[in-house]
Structure formats: C-alpha cells, structure tokens
**Student:** 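Have a look at this one before I ask anything.
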Amino acid sequence: MDEQAVHQALLRPQAYPDYQGAVGFTETHVSRLYFTDRHVYKLKKPVDFGFLNFTSVDRRRFYCEEELRLNRRFAPGTYLGVVEIRRTAEGIRVAEAGEILDYAVWMRRLPAEAMLDRRIEADDPALPAQMAPLGERLAELHRSSEVCRHDGGQSNLEVVRTNWRENFSQIAPHVGRSLSAPALGRLSAWVERHLAEEAALIEAREADGFVRDGHGDLHAEHICLTEPLQIYDCIEFNRRFRVADEAADIAFLLMDLEFRGRRDLAEALLAAWSAGRTDDGELAVLLPFYKVYRAFVRGKVESFLAAAPAAEAAIRQRAAQRARAYFNLALGYLCRPALVLTAGLMG
C-alpha cells in the first residue's frame, strides 16, 4: 500500500460517498483523521511502537473493529462502523468494490464547540457547573466496567511496573530533546521508590475490585459535552493500557485539566467522581503517582509525533513543545507544596 497515495486521495471530497465540501484533516502519532461535514474517518498509521503494531492491513482491520466495540460503551451513537478504503476505477476512495487498501473507523462527527478542550480554550463560564455531571457519569462508567484481577496472568502491580519500564525504555531515543537525562533519572528513582513503598496498597486494591477494564486515554480532547455526554477514543490497541485502577483512569483527566491551567475544574470533577466512595485515603496516595504516569505518557507520545518524519513540520514542532511541557508537569508533581516568602525593598 502507498500510504501517501491513500492520504492524498482521502483529502479529496470525491473519496467519500455523496460529499462535495472541503475535507478537514488532523493526525496523531498513530492515526490520521479525515473530517467531512457529518462524519469522521479514522485510519491507523502502519507503525510499530512496541506497545502497538499496526503494520499489516489485517492488524489495522482487527483494531478498527476493536475500537468500534470498545468505544460504544462510552459514546452511544457515535461509532457507526468500519469502512473499507479501496482502489476503484475512479480512484482511491471509501467504497464497497475494488482492491482493499486499508480500513477506517467511521464515526459521527461531534460538534467541535462542545469539546471539553475547546470549551476550556474559550474560558466558558458554564464549565465549572458541568464538572459534576461529567464526574458522576465517569463514576457510573467505572462502576459498570468489568472488574479484572490478574488480567492476562499478571498482577496489577506487575503491569504498572512493566508500563513504567516500557516508558523509560521508549523515551530513551528522545532524551536530550524533550526530556533531559537528569530529569529522567529523578523520575525513575521516584517511581521505583513509590512502587516499593505502595506495593501492598496497589495489590490490595486489585483484590478489592478497583482494577477495571476502563478507558485508558481519558483526557479533555476525548470528551464532548453534549447530551448525552460522549466519551470517546478509548485505548483499543493494548489491553494492558486500558485495564487499570480506577484511580489511574481518572488521574489522566485530572492531570490534563491541571496541564490546561484549570485546577478548579479538576477539583470539582474529583469531588463529583469520588462522592460516596470509601477509599479517599488511598486516593490521596495513588492519584499523585498516577498523575505523574499520565503526564509522562503524554510527554512520550508527543515525543513520538515530534520525531515522526511523515508528519507535517508544524505538527512536529507543536508536539515537541507539548512534550516538554508534559514532562515539566510530571516533574512538578514530584515537588512538595511549599510557600515561599520574600522581604526587602521594592524593586
């Protein structure tokens, strides 16, 4: 398959059934998304990052189907199906006949103005009041998600350790660009110390049913504040990243809100999500740890995009800036709160 030929073809409106308008486009480190007026077509890039492998057409088809199945739990009515990208006599397009080149997840396009990240950028004054229903909905989804114990034959503690080892290994080629070697050393030492000190707590929470098949990629860009709420784009490519402590799932969104400068929204969301829970003391210990993990993961994937040769230069540049900002946030979580007082003559 000629990846660039498919990409160029899908930028043209004639590639889509009954569509004449302009085609929007954006990309991540693993996906390309094409926007018509009412729909989104999401293709998986033929990449292998170790934690995911989309290098064959069969793999991409399988994970498109998984994305459909898993996300229908959180986003009712949004995920419509899996469509085929074919070479036809008229060219490369979404079609039912011709040589199959690739597959795409077909989605209903959600209103951009209702996306949580856009609402934050616009400083919408209604946002604080909307954190309660969002927190309650996320709590409901967590309660209804499958409880997992020793998923895949591994304890949750082993999975958390594996995820961190993988993070440190995969960021190595980017050290010196988005993350310095001393910063990586400090983060690594802190993680090892925390895992040693809280191993019993992590294991006890798995036994108590707090480890569930959740979302795995819960941040503001994946939430649309419509009625009903649409929480989309959960992780389909690696079950190990999706099955986690509920605290790890909600920590992603809390971190993201804080990254966007909205600690007030994070506090309101946490209050609604945790209402009626009996594990407040455990959350106080675990949420900072999982926030570091989530900030590190975001820094890592932005580093991947910043180094992707096929990505547009402007996209790579913005990704590099975001990567450094996420790693700075992760390091900031390691610092204890402090009040600094100064005195003296006015400058």
Side-chain angles (χ1 to χ4, degrees), residues 24-28 31 33-42 67-68 70-80 105-145 212 214-236 242 244 246-277 287 290-291 294-295 297-298 301 322 325-326 329:
F25 168 72
T26 190
E27 66 181 309
T28 70
S31 303
L33 296 95
Y34 304 87
F35 299 84
T36 66
D37 57 343
R38 295 185 297 117
H39 297 115
V40 181
Y41 298 82
K42 180 180 177 184
E67 182 169 349
L68 190 73
L70 292 164
N71 278 285
R72 282 175 167 171
R73 300 176 300 167
F74 304 113
T78 293
Y79 285 78
L80 304 176
V105 177
W106 179 37
M107 304 166 62
R108 180 171 62 89
R109 186 170 181 176
L110 298 171
E113 66 276 9
M115 296 295 180
L116 178 54
D117 60 321
R118 298 283 188 92
R119 300 279 293 275
I120 292 172
E121 289 172 8
D123 197 19
D124 186 342
L127 270 179
Q130 292 179 309
M131 290 302 100
L134 176 58
E136 291 163 2
R137 174 61 176 153
L138 289 170
E140 176 188 351
L141 289 170
H142 283 142
R143 285 192 301 268
S144 62
S145 295
R212 295 177 180 263
H215 188 282
D217 202 14
L218 189 61
H219 56 85
E221 292 177 24
H222 293 166
I223 296 171
C224 190
L225 298 174
T226 51
E227 180 58 46
L229 286 164
Q230 300 289 315
I231 301 164
Y232 61 98
D233 210 15
C234 85
I235 287 181
E236 86 290 350
R242 195 177 67 249
E246 297 169 32
D249 221 25
I250 198 67
F252 204 152
L253 184 52
L254 297 174
M255 178 279 298
D256 190 47
L257 293 172
E258 291 168 358
F259 178 78
R260 296 169 187 274
R262 296 303 303 263
R263 187 174 295 274
D264 61 322
L265 299 183
E267 291 173 351
L269 178 80
L270 179 59
W273 178 81
S274 61
R277 296 180 67 102
L287 283 176
Y290 286 125
K291 286 181 188 178
R294 295 306 191 179
V297 168
R298 290 299 291 171
V301 299
R322 288 194 299 268
Y326 277 115
L329 179 61

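No hydrogens, no waters, no symmetry mates; every other heavy atom, side chains included, goes into these values. Numbers here are sequence positions counted from 1.
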**Student:** For residues A139 and W273, report the shortest heavy-atom separation together with the two atoms involved.
**Tutor:**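 Closest approach of A139 to W273: N-CD1, 3.5 Å.
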**Student:** How long is the straight-line distance from CE of M107 back to CG of L80, given to the nearest 0.5 Å?
**Tutor:**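 One finds 8.5 Å between CG of L80 and CE of M107.
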**Student:** What's the spacing between W106 CH2 and Y41 OH if we round to 0.5 Å?
**Tutor:**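 These two atoms lie 6.0 Å from each other.
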**Student:** If you look at every heavy atom in I120 and A220, which pair is closest and at what distance?
**Tutor:**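 Shortest heavy-atom contact: CD1-CB, 4.4 Å.
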**Student:** Determine whether T78 and N71 make a side-chain contact, defined as any pair of heavy atoms from C-beta on separated by less than 4.5 Å.
**Tutor:**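 Not touching, per the 4.5 Å side-chain cut-off.
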**Student:** Measuring from atom CD of E246 to atom OG of S274, what distance do you get when rounded to the nearest 0.5 angstrom?
**Tutor:**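 One finds 11.5 Å between CD of E246 and OG of S274.
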**Student:** Answer yes when E258 and R294 have at least one side-chain N-carboxylate O distance shorter than 4.0 Å, and no when they do not.
**Tutor:**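 Answer for the salt bridge query: no.
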**Student:** Starting at NE2 of H222, measure out to CG of D233 and round the result to the nearest 0.5 Å.
**Tutor:**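 H222 NE2 to D233 CG: 3.5 Å, rounded to 0.5 Å.
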**Student:** Please tell me if the side chains of M255 and Y290 come closer than 4.5 Å, counting only heavy atoms from C-beta onward.
**Tutor:**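 Of all side-chain heavy-atom pairs linking Y290 with M255, none is under 4.5 Å.
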**Student:** Can you list everything that forms a ring-ring contact (aromatic ring centres under 6.0 Å, His included) with Y326? Sequence neighbours excluded, please.
**Tutor:**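 Scan of Y326 (ring-ring contact (aromatic ring centres under 6.0 Å, His included), adjacent residues dropped) gives F259.
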**Student:** Taking the side chain as every heavy atom from C-beta outward, state whether P128 and L265 have any atom pair closer than 4.5 Å.
**Tutor:**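 Yes, their side chains come closer than 4.5 Å.
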**Student:** To check you understand the geometry: which heavy-atom pair defines the closest contact between R143 and R212, and what is its length?
**Tutor:**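 In this case the closest contact between R143 and R212 is O-NH1, 3.1 Å.
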**Student:** Measure the OH-CE distance between Y232 and M115 for me, rounded to the nearest 0.5 Å.
**Tutor:**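 Here the rounded value is 3.5 Å.
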**Student:** Does one side chain, of D249 or H215, offer a donor that lies under 3.5 Å from an acceptor on the other?
**Tutor:**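 Short answer, no.
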**Student:** Closest approach of L287 and I250, non-hydrogen atoms and distance?
**Tutor:**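 Result for this residue pair: CD2-CG2, 3.9 Å.
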**Student:** With the side chain counted from C-beta on, respond yes when R262 and D123 share a heavy-atom pair under 4.5 Å apart, and no when they do not.
**Tutor:**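 R262 reaches D123 side chain to side chain.
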**Student:** Got a donor-acceptor contact below 3.5 angstrom from the R72 side chain to the Y79 backbone?
**Tutor:**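 Checked: pair present.
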**Student:** Does R73, at its CZ atom, have more than 12 non-hydrogen atoms belonging to other residues, nucleotides or ligands within less than 6.0 Å?
**Tutor:**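 Yes, because the 6.0 Å sphere around CZ of R73 holds more than 12 heavy atoms from other groups.
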**Student:** Indicate yes or no for a side-chain donor-acceptor contact from R119 to the backbone of L127 under 3.5 Å, with no hydrogens or angles considered.
**Tutor:**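 Flag not set: sc R119 to bb L127 has no pair under 3.5 Å.
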**Student:** For residues S145 and G214, report the shortest heavy-atom separation together with the two atoms involved.
**Tutor:**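 Answer, listing the atom of S145 first, then G214: OG-CA, 4.5 Å.
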**Student:** Partners of P133 by side chain to side chain contact (heavy atoms under 4.5 Å, CB included), sequence neighbours excluded?
**Tutor:**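 Side chain to side chain contact (heavy atoms under 4.5 Å, CB included) check on P133 returns nothing, list empty.
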**Student:** Write down the atom of P76, the atom of P228, and the distance for their closest heavy-atom approach.
**Tutor:**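 What the structure gives for the nearest pair is CG-CG, 4.3 Å.
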**Student:** Counting heavy atoms not belonging to R263, are there more than 12 under 6.0 Å from its CZ?
**Tutor:**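 No, the 6.0 Å shell around CZ holds no more than 12 heavy atoms from other groups.
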**Student:** Among pairs that include at least one residue of residues 129-138, which meet salt bridge (charged side-chain N to carboxylate O under 4.0 Å, His left out), considering only residues two or more places apart or in two chains?
**Tutor:**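 Output for this query lists R137-E140.
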**Student:** How long is the straight-line distance from CG of L116 back to CG of D124, given to the nearest 0.5 Å?
**Tutor:**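 Separation between the atoms: 10.0 Å.
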